[in-house]
Amino acid sequence: MGGHWHVWFLAALVVAVSIAATPATAAATQATTDGATATQAANDTTIVTTDPDGTVSVQRWETVTVAVRVNATNVSGYQSALSYDPSVLQVKTLTGTEDFAEPVATVDNANGSVVFNQIRSGETTDAALVELSVQVIGTAGQRGDLSVRTQETRFSDATGATFDPDGSNGVTIAVKPGENRTDGTGRPDQSGLGVGGPAALLGALATVGWLVLRNRRQT
């Protein structure tokens with residue numbers, strides 16, 4: 001028994017070293033996993049896009065629904081702005097989506113600008129921020145860009161930390177030649193007679209008719 005003491009000693013030493021090394025190995029594995037997650041988050045690219053994007057062709061006076069989206073994680077709030085050519089496009093309304101309620105917005109159709117923002121409870125991923133109803137008022141052949149102002153766009157997570165997008169893609173709306181519709185002067189959502197055109201014309205005719213009838217009775 002005494003002659004084998006060194007064998008038992010070596011066996012105990014190997015077991016002790018193995019037990020001591022196990023937590024260190026687990027810690028190293030966890031550190032590697034955390035590092036990969038952090039690197040992946042750091043490499044994410046945040047792009048704000050419109051849907052549709054590219055170029056779409058639309059008849060004059062028609063209305064197009066354009067959604068603004070972002071491919072990002074942990075989004076609980078945003079602020080953004082769009083620019084457009086007011087001689088071709090007019091923003092009529094902004095509505096909420098399945099991810100965010102109707103935004104707080106300021107629309108300036110005279111200068112072609114809309115600024116909007118909203119928050120939500122909890123975070124979401126790859127969110128639809130807002131839907132815009134855009135009316136085409138340009139004449140055939142004109143093109144108008146609806147562009148996201150990246151420098152004025154920012155997002156926040158549930159802790160209040162903010163992050164900026166890396167870029168954006170917008171949409172170009174081309175006005176198609178008229179089909180059974182006139183390209184004459186007019187106003188959005190109205191006939192060529194302008195606001196209240198038909199009603200105003202009928203009122204004017206009724207007034208003229210009444211004046212003629214009154215003059216005949218007097219003579």
Side-chain angles (χ1 to χ4, degrees), residues 33-58 61-138 142-175 188-189:
T33 303
D34 292 345
T37 302
T39 301
Q40 181 181 1
N43 288 337
D44 284 346
T45 300
T46 301
I47 303 295
V48 183
T49 60
T50 60
D51 181 15
D53 57 3
T55 300
V56 296
S57 297
V58 181
W61 306 130
E62 286 187 356
T63 300
V64 182
T65 299
V66 179
V68 179
R69 302 178 179 274
V70 60
N71 64 326
T73 60
N74 306 325
V75 178
S76 66
Y78 71 85
Q79 63 182 41
S80 188
L82 302 173
S83 294
Y84 51 94
D85 184 347
S87 68
V88 180
L89 307 174
Q90 295 278 282
V91 173
K92 309 302 291 182
T93 60
L94 289 86
T95 57
T97 67
E98 67 274 15
D99 298 311
F100 283 93
E102 181 176 329
V104 178
T106 301
V107 179
D108 182 0
N109 275 323
N111 296 300
S113 173
V114 55
V115 180
F116 53 100
N117 65 83
Q118 189 53 276
I119 59 173
R120 54 169 282 156
S121 60
E123 297 176 336
T124 186
T125 298
D126 296 340
L129 307 178
V130 66
E131 288 189 351
L132 299 93
S133 179
V134 181
Q135 188 176 36
V136 180
I137 66 169
Q142 284 190 300
R143 299 163 67 91
D145 295 329
L146 184 67
S147 306
V148 180
R149 301 207 293 263
T150 308
Q151 286 103 349
E152 298 178 41
T153 301
R154 176 164 290 187
F155 302 95
S156 65
D157 61 20
T159 69
T162 61
F163 57 97
D164 300 331
D166 299 293
S168 63
N169 298 318
V171 60
T172 298
I173 297 177
V175 187
D189 294 325

Engineer: Not counting sequence neighbours, which residues clear side-chain contact (heavy atoms from CB on, under 4.5 Å) with Ala161? List them please.
Structural biologist: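 Per chain and number, Ala161 pairs via side-chain contact (heavy atoms from CB on, under 4.5 Å) with Asp157, Thr159.
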Engineer: OG/Ser156 to CZ/Phe163 distance, rounded to the nearest 0.5 angstrom?
Structural biologist: 7.5 Å
Engineer: Rounded at 0.5 Å granularity, tell me how far CD1 in Ile173 sits from CG in Leu89.
Structural biologist: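 The CD1 atom of Ile173 sits 4.5 Å away from the CG atom of Leu89.
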Engineer: Could you tell me whether the side chain of Asp166 and the main chain of Thr46 form a donor-acceptor pair under 3.5 Å?
Structural biologist: yes
Engineer: Are the side chain of Asn109 and the backbone of Pro86 linked by a donor-acceptor contact shorter than 3.5 Å?
Structural biologist: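 No: the side chain of Asn109 does not pair with the backbone of Pro86.
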Engineer: Could you walk me through whether Ser133 and Thr95 pass side-chain contact (heavy atoms from CB on, under 4.5 Å), step by step?
Structural biologist: CA-CA 8 Å; Ser133 179; Thr95 57; over 6 Å; no
Engineer: Any side-chain to backbone donor/acceptor pair from Asp85 onto Asp145? Under 3.5 Å, distance only.
Structural biologist: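 No, because the side chain of Asp85 does not come within donor-acceptor range (under 3.5 Å) of the backbone of Asp145.
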Engineer: Mind checking whether Val107 and Phe116 have side chains closer than 4.5 Å, heavy atoms only?
Structural biologist: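 Contact flag for Val107/Phe116 side chains = no.
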Engineer: Any side-chain heavy-atom pair from Pro165 and Val70 closer than 4.5 angstrom?
Structural biologist: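 No, their side chains stay 4.5 Å or more apart.
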Engineer: Of all the heavy-atom pairs spanning Leu94 and Ala105, show the shortest one and how long it is.
Structural biologist: CD2-CB, 4.0 Å
Engineer: Can you check whether Val136 reaches Gln142 side chain to side chain, under 4.5 Å on heavy atoms?
Structural biologist: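 They are not in contact (no side-chain heavy atoms under 4.5 Å apart), so the answer is no.
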Engineer: Do the ring planes of Tyr78 and Phe100 sit parallel (below 30°), tilted (30 to 60°) or perpendicular (above 60°)?
Structural biologist: perpendicular
Engineer: So, do Thr55 and Arg143 sit near enough that their side-chain heavy atoms are less than 4.5 Å apart?
Structural biologist: yes
Engineer: Can you name the residues that form a side-chain contact (heavy atoms from CB on, under 4.5 Å) with Asp53, not counting sequence neighbours?
Structural biologist: Thr50
Engineer: Checking Ser168 against Thr150: is there a side-chain donor and acceptor pair closer than 3.5 Å?
Structural biologist: yes
Engineer: Do Trp61 and Ile137 touch side chain to side chain, with heavy atoms closer than 4.5 Å?
Structural biologist: yes
Engineer: If you round to the nearest 0.5 Å, how far is CZ of Arg69 from CD1 of Ile47?
Structural biologist: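 One gets 15.5 Å once the value is rounded to the nearest 0.5 Å.
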Engineer: Rounded to the nearest 0.5 Å, what's the gap from CD on Gln90 to OG1 on Thr63? Could you check?
Structural biologist: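 So the gap between those two atoms works out to 11.0 Å.
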Engineer: Rounded to the nearest 0.5 Å, how far apart are CG of Asn111 and OH of Tyr84?
Structural biologist: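 The OH atom of Tyr84 is 8.5 Å from CG of Asn111, to the nearest 0.5 Å.
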Engineer: Please report, to 0.1 Å, the donor-acceptor pairs under 3.5 Å made by any side chain of residues 118-132, with sequence neighbours excluded.
Structural biologist:
| residue | atom | partner | partner atom | Å |
| --- | --- | --- | --- | --- |
| Gln118 | NE2 | Glu102 | O | 2.6 |
| Arg120 | NE | Gly122 | O | 3.2 |
| Arg120 | NH1 | Asp99 | O | 2.9 |
| Glu123 | OE2 | Ala158 | N | 2.8 |
| Asp126 | OD1 | Ala72 | N | 3.2 |

